[in-house]
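Notes to accompany the following structure.
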Protein chains: 2
Amino acid sequence: MPIDDAAPARSRNAAATRAAILASARSAFARAGYDGAGVREIAAGAGVTAMLVNRYFGSKEQLFAEVVAATMADPVILTDDFVRAPTGEAIARRLVGLSGADQTPLDGFLVMFHSASSRRAAEISREQIEAIHQRAMASALGGDLAAERAAVILAIVAGVQVMRQMIALPTLANADPEALVAILAPVFQALIDGVR
Amino acid sequence: MPIDDAAPARSRNAAATRAAILASARSAFARAGYDGAGVREIAAGAGVTAMLVNRYFGSKEQLFAEVVAATMADPVILTDDFVRAPTGEAIARRLVGLSGADQTPLDGFLVMFHSASSRRAAEISREQIEAIHQRAMASALGGDLAAERAAVILAIVAGVQVMRQMIALPTLANADPEALVAILAPVFQALIDGVR
DNA sequence: TGCCTATGTATACGAATGTAGACTTTATCG
DNA sequence: CGATAAAGTCTACATTCGTATACATAGGCA
């Protein structure tokens, strides 16, 4: 008997409902991707009907766009601390720590990659990455080929996330965090310091 | 007017037909992912009917497994040359060169990532990566944390591929290959050399 | 030459998807 | 308190998907 799915009776409140749908969608997209997550499933997770989702967001595609935008909005890697004094270890710790137990903050990457099959989803993701993460990081880095180095850093973060969360490659997923940090920190540091 | 789709009249030949389906499936999965690529579409690309696909491979899932297995089978990165004398520049050049113009050899990664929404697809991919790539590379590397370092190398390759091919991040996709090599080579070299 | 089997096709079905349109319920305010 | 618009639901529909069943056709071997 299927009791109510995470729907703690929210007395008619548009803003709260909207937020609940957004949260449910985010976790659903992170787990199953754009195609894999159904509107009915997302709605159930928010304790509403499928049609309400479309009523609030117009369509599944627009909902996804908003999820990606909201998810990519928070800096995650590019924290204020990092901008002040960028170090490889900071990125490494953040990446390893976050992508391990507490995966929520970085599931923006999961949303992206799980959904990149959809052409439109990939487009939305690209715009967000470029606008928010890469440019900010590039200007925080400075030096020769700053944009390219920033992009490579993002690519590495992405790759580690993909391998740990999506593919669940055991060596990475179960690795000793400190060992991973020891491996990754110098890599990021080299990219921060610049070429040669 | 839709003329024949890449079906140059193959007179009843089981082996050839099977290969044609496999090739069509590979490119379809690389482009659209497991969920995105339909059996009918794959069949059309091979000039056959949808049912023949299932006749040869049992089901879409088994077809995908075979595609992934076949695609991951060729070394791509872990060439004989590399095993003999692993250098960061070798990986970098291979990654940059391959993932640029001639993308066929590395589309195994695309197949994987575009398809990782599907739990089963991710499982298949993981097994292939682990069995073929990671173990071989780890033993080629040697030293402390060889498995982890190998996994990180694979993750970086994956990340760059993802950002260039899937997300099509302009900075990476349109970057000067030599500049990318200059950035990536030391990164890989450090991972090859080992920690500290 | 004639048949038998491998090779391939046509039709169809059941399930799941996104979403459109009409309907119902609740909160709010004069 | 009662009307009104917002908030939410129900039913239904057109597609698309994977694939099961039944049928057609060609090729190799006697």
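It should be emphasised that the depicted structure is a prediction, and the values quoted were computed from it without experimental measurement. Letters A, B, ... mirror the listed sequences (proteins, then strands); counts begin at 1.
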Does the side chain of A:Ser59 get closer than 4.0 angstrom to OP1 or OP2 of C:dG18 through an N or O atom?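 Answer no for this pair, as no side-chain N or O of A:Ser59 is under 4.0 Å from OP1 or OP2.
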Any A:Tyr56 side-chain nitrogen or oxygen under 4.0 Å from OP1 or OP2 of D:dA7: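 A:Tyr56 to D:dA7 OP1/OP2: no side-chain N or O under 4.0 Å.
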Rounded off to whole Å, could you give me the [atom1]-to-[atom2] distance for the [X] and [N] pair?
X	N	atom1	atom2	answer
B:Leu63	D:dT19	CG	C1'	14 Å
A:Phe57	C:dG18	CZ	P	15 Å
B:Asn54	C:dA12	CG	C1'	15 Å
B:Glu41	D:dG18	CD	C1'	14 Å
B:Lys60	D:dA20	NZ	C1'	17 Å
A:Ile21	D:dA7	CD1	C1'	11 Å

Main-chain N/O of B:Ile192 paired with B:Arg149 side-chain donor or acceptor, under 3.5 Å: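 Such a contact is found between B:Arg149 side chain and B:Ile192 backbone.
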Before accepting this row, confirm whether a basic side-chain N of the pair B:Arg93/B:Glu178 lies closer than 4.0 Å to the acidic partner's carboxylate O.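 Answer for the salt bridge query: yes.
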So for the helix from C:dT1-D:dA30 to C:dG30-D:dC1, with five pairs setting each end axis, what is the inter-axis angle to 10°?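 The two end axes of the helix from C:dT1-D:dA30 to C:dG30-D:dC1 meet at 10°.
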Return a single string for nucleotides 9-16 of chain D, one symbol per nucleotide in 5' to 3' order, where B is base contact, S is sugar-phosphate-only contact and - is none, cutoff 4.0 angstrom on heavy atoms. BB-B----
Which atom pair, heavy atoms only, marks the closest approach of B:Val53 to B:Ala43?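 Shortest heavy-atom contact: CG2-CB, 3.8 Å.
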Quick one: label A:Ala43 by what it contacts on the DNA or RNA (base, sugar-phosphate, nothing), any heavy atom closer than 4.0 Å.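 If one applies the 4.0 Å heavy-atom cut-off, A:Ala43 turns out to touch nothing in the nucleic acid.
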